[in-house]
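These numbers come from a predicted model, not from an experiment. Lettering follows sequence order; numbering is per chain, from 1. All values below come from the heavy atoms of this structure, side chains included, with hydrogens, waters and symmetry mates left out.
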Amino acid sequence: TKLDDSKMAGAEGDDSLYPIAVLIDELRNEDVQLRLNSIKKLSTIALALGVERTRTELLPFLTDTIYDEDEVLLALAEQLGSFTVLVGGPEFVHNLLPPLESLATVEETVVRDKAVESLRKISQEHSPVDLEVHFVPLVKRLASGDWFTSRTSACGLFSVCYPRVSSTVKAEIRQHFRTLCSDDTPMVRRAAASKLGEFAKVLELDYVKSDIIPLFTALASDEQDSVRLLAVEAGVSIATLLPQEDLEALVMPTLRQAAEDKSWRVRYMVADKFSELQKAVGPEITKTDLVPAFQNLLKDCEAEVRAAAANKVKVFCENLPEDSRETIIMTHILPCVKELVSDTNQHVKSALASVIMGLSTILGKDNTVEHLLPLFLVQLKDECPEVRLNIISNLDCVNEVIGIRQLSQSLLPAIVELAEDAKWRVRLAIIEYMPLLAGQLGVEFFDEKLNSLCMAWLIDHVFAIREAATCNLMKLVEKFGAEWAQNTIVPKVLGMANDSNYLHRMTTLFCINALSGVCGQEITTKHMLPVVLKMSTDQVANVRFNVARCLQKIGPVLDSSALQAEVKPVLEKLATDQDMDVKYFALEAISVLALA
Amino acid sequence: MKCFSRYLPYIFRPPSVLFSSSCHTEADIISTVEFNSTGELLATGDKGGRVVVFQREQESKNQPHRRGEYNVYSTFQSHEPEFDYLKSLEIEEKINKIRWLPQQNAAYFLLSTNDKTVKLWKISERDKRPEGYNLKDEDGRIRDPATITTLRVPVVRPMDLMVEATPRRVFSNAHTYHINSISVNSDYETFMSTDDLRINLWNLEITNRSFNIVDIKPANMEELTEVITAAEFHPHQCNTFVYSSSKGSIRLCDMRASALCDNHSKFFEEPEDPSNRSFFSEIISSISDVKFSHSGRYLMTRDYLTVKVWDLNMESQPLETYQVHDYLRSKLCSLYENDCIFDKFECVWNGSDSVIMTGSYNNFFRMFDRNTKRDVTLEASRENSKPRAILKPRKVCVGGKRRKDEISVDSLDFSKKILHTAWHPYENIIAVAATNNLYIFQDKVN
């Protein structure tokens, strides 16, 4: 009745109709943004029109508007997925099929996928009868369409209708799916391969064995490697469905073949899905098959494959059956890992470096010291900065097992080298790990070895580094406390206020911005404020307006007497500065600090 | 020679827009010609960055003689001149290549490229439009909001057919050097773009990322001895492609073997004949075009004086070599001086891979029948392009006495060159671009 009410309100005319009339007209506005806005409010329009007119007028119009821009079509496809109540409930839900069918044939994949998603959603709202009368015929039309766009869309719809139809229709659906798996165009075979696992899940186990396995085997030996690689993922899903005793005969031959495929892309896919595969086939097959396969992938001739496999080293080891985990790692995996540490390809090394530290928790203290530590040390000296960074960024795992001291001898030169790397992005990355390192290495080690680096970054010639260095100081103070700050870094920061380079003088101000909060009122008032105030007469306007901004920032930390007696006169003077930016920021500070 | 006119006895009146021959501008010069996979459409690109698409007229009972005539279907500006401010370089709008995509729905898609940027265009038809507004009446006058008492939903009505070309994707910023080729993969998912030193692989749906699959740039550019001149994917095997070089060799690469295809899996090259060596040897051996046969078994390459057919299973020498205009061998010096020696002639296969076609000077183009080993020279010109006139074979006289119907080498017009031609995928219809003119010839009906 709510819908009827709104319709009644509409019939009375005038005010309530006008905004809806605008929305409807803007469905065809020249401006895409306005069309998009209108489409996004489609439910408002439908509500005003009522269920009857939505079905008979709005939907036919929408069915014919598939000429529009992708983003409009995408929004439309999404809206229609939750439109059931607006066409009169589940009884009328099939009225939504024609526009979604058109959308499922457009060339833009995101739109098509969204239309399929909405179709899947509303399929659940069909009664079993409607499903067979309206939905399944649509799926069949798409599946036998002339163009491959419609056939690819069909692939995603089989699994949602299959469980709820009669056995005759089920047989037809299986037949259609089979046909699409051997379609002429690789596009359709790819779509079928990517939905094979999902479809297998809704099939009866007997049909999985009689229908899905042959399809899987065929797709996994397709002439196009782009199809074969998708079959790998399907294989993982299918393996989870089958009882253990069938795996060996039905799935493993094909998966073994995929792991040794001639095309590196297929092998890459196997490496990439290795953890899922490991879970699907269980511990026994893992021991007999996956361990040697993993070894081969780690030694693959293509660097992309080795990198993908290297990424999985930790997870693979973690998920090995507990009874034989250590033996397998020590005898089979570790030798390969050792080779990868000196791989010729830096992506492989850096992939390994991002996970290798995780092995220490699995192997325990003694093995880590004896076998892993030498590898960490080699990687810390790697010529590629990314490798060193990845090791440093994962130090916490090792810290838990053997403590970081074991590494600090090698760590320091590595850090120093990264800190002075010619690429500023590398310097930036290492700065971000400083607070973490400081926490793990302790204040003494830090003061002795790393403090000077942190100060050197403040005068880096790249602004992003100076900015990160400022932020880093703040985090260090948070860790080591205000007293440490006052003794070690504040004097150096304030010393830069007299530098001849105005950029360095500005860095002082930026540091004060960042540090005043964590250092507290006393240090700020006693040590920092006088320096800031003195800088208000700097000859460079950029420094002066940053003084105004700095005062605004540190104002809340100061007490009111300092504000009135010291800050206010300086800001007032800056407010009469001849430079308009200085004036602007001084006035802004006065108003924010309520000093007017 | 007469056998060859069997293929091409008819000439069709070309579309008028393209034929402003007496005073054409540089921008009108056709720079590429390409049929789509069914032959229903034919696209040309020109130096002005425009793409013209022709559609074959459906056979009609009323006008049987008009069967298969191509008419303009859509014209659009694909590329505009640009300026690269970082390198202070002008980027021409000239369309270097057009490639059609396999048809995926009712619309047609093509890739067009200039020196730097590849664009994906959609060409679609519209024959309906929505009518009726709430806030204005039929004549477009604004209505008084107070008079709106009911809501109107627009109604879709038929209208005259409209063909629209819309840019769908722009693949840019991936080439430092000039793009010379694009090729769509048989996986329907990827294409490659090739410049002088590198080949990049793109996904048709992703514009912000491409993968470099071949890079022959030496660390020191002074050591550069060779550039890539053309590249093409195998018609059926999605992992195989070839690229040709300025040194006259062709490399076949297998993308399954590794991600970077710097190591070729086959290398086709003909050993140089030392007796023929001259200052121009290297220039004239540079390959200007490479094409797979439809079957995927053969490769065809064009260099300055010859067109060669290679068997994929024989790397040591070409299977067949055809002389395109050997009479120019004695004129290489003057062709070098007027830069003609650097002209990049393309070559095409017919639908059954039994005949090959390539261009020459003086508006001549050549055809070679691989089975009968006969060849013919034909001319694309307005004078002999009367409707339904049979094209007469031409002959160039080489020394000695010139016969009546022969043309002397010295009177050839080197400014009239046929660089770009196309052959219908399975019928005997050819498109020949002669500067700003497009000629479409078709074999005799019946």
Side-chain angles (χ1 to χ4, degrees), chain A residues 10-15 17-18 20-28 45 48-49 53-54 56-65 67 69-70 105-110 145-150 152 185-188 190 223-227 261-266 268 301-305, chain B residues 101-109 120 122 124-136 142-158 162 164 166 168-169 185-190 203-206 211 236-239 254-261 263:
Chain A
E12 281 159 27
D14 65 89
D15 302 354
L17 275 188
Y18 185 72
I20 309 289
V22 172
L23 277 181
I24 294 179
D25 284 4
E26 284 187 351
L27 284 172
R28 292 152 60 200
I45 297 174
L49 288 171
R53 292 192 67 194
T54 299
T56 55
E57 294 178 47
L58 186 61
L59 289 179
F61 164 67
L62 293 173
T63 307
D64 282 321
T65 51
Y67 298 113
E69 302 275 336
D70 298 335
T105 63
V106 301
E107 68 277 3
E108 187 58 47
T109 315
V110 284
D146 284 342
W147 309 117
F148 67 74
T149 45
S150 86
T152 53
T185 65
M187 276 296 190
V188 179
R190 276 199 293 277
E223 55 168 15
Q224 295 240 346
D225 56 356
S226 62
V227 179
D261 197 284
K262 195 172 177 207
S263 165
W264 69 269
R265 291 205 292 168
V266 178
Y268 170 90
C301 57
E302 170 58 42
E304 299 278 346
V305 179
Chain B
L101 262 57
Q103 201 169 355
Q104 51 181 327
N105 61 12
Y108 301 97
F109 291 83
L120 174 65
K122 173 186 179 179
S124 55
E125 295 183 354
R126 182 187 286 209
D127 57 0
K128 286 183 250 180
R129 70 156 175 254
E131 284 177 6
Y133 283 96
N134 285 292
L135 304 181
K136 31 186 193 189
I142 305 292
R143 282 205 193 129
D144 178 2
T147 64
I148 298 172
T149 52
T150 53
L151 292 174
R152 286 177 67 181
V153 176
V155 181
V156 180
R157 300 221 188 277
M162 204 167 88
E164 295 174 312
T166 37
R168 298 289 306 180
R169 305 246 194 282
N185 194 335
S186 62
D187 67 6
Y188 291 26
E189 186 174 48
T190 53
N203 186 306
L204 281 161
E205 298 195 345
I206 300 168
F211 295 95
H236 320 301
Q237 294 169 7
C238 67
N239 47 275
D254 184 347
M255 295 199 292
R256 290 176 301 186
S258 69
L260 193 63
C261 299
N263 297 319

So, do [X] and [Y] sit near enough that their side-chain heavy atoms are less than 4.5 Å apart?
X	Y	result
A:Trp147	B:Gln104	no
B:Asn239	A:Lys262	no
A:Asp70	B:Arg168	yes
B:Met255	A:Asp225	no

Let's test your reading of the structure: which of [options] forms the most heavy-atom pairs below 4.5 Å with chain B?
options	result
A:Glu304, A:Glu108, A:Arg265	A:Glu108
A:Ser263, A:Ser226, A:Ser150	A:Ser263
A:Gln224, A:Glu57, A:Glu223	A:Gln224

Distance-only side-chain donor-acceptor flag, A:Glu107 / B:Asn105, under 3.5 Å: yes
Proximity breakdown for A:Thr105 and chain B, heavy-atom pairs closer than 4.5 Å: backbone
Interface moiety of A:Val305 toward chain B, non-hydrogen atoms closer than 4.5 Å: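 Interface part for A:Val305: neither.
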By side-chain hydrogen bond (donor to acceptor under 3.5 Å, both in side chains) - contacts of A:Thr109 (at least two apart):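 Partners of A:Thr109 under the side-chain hydrogen bond (donor to acceptor under 3.5 Å, both in side chains) test: B:Glu205.
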side-chain hydrogen bond (donor to acceptor under 3.5 Å, both in side chains) against A:Thr185, all qualifying residues, sequence neighbours excluded: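 Listed in chain order: A:Asp183.
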Evaluation steps, salt bridge (Lys or Arg N to Asp or Glu O under 4.0 Å), between B:Arg256 and A:Glu302: CA-CA 10 Å; B:Arg256 290 176 301 186; A:Glu302 170 58 42; over 6 Å; no
Toward chain A, the part of B:Ala257 with a non-hydrogen atom under 4.5 Å: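 For B:Ala257, backbone heavy atoms alone lie under 4.5 Å from chain A.
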When B:Glu189, B:Lys128, B:Lys122, B:Arg152 are compared by non-hydrogen pairs under 4.5 Å with chain A, the top option: B:Glu189
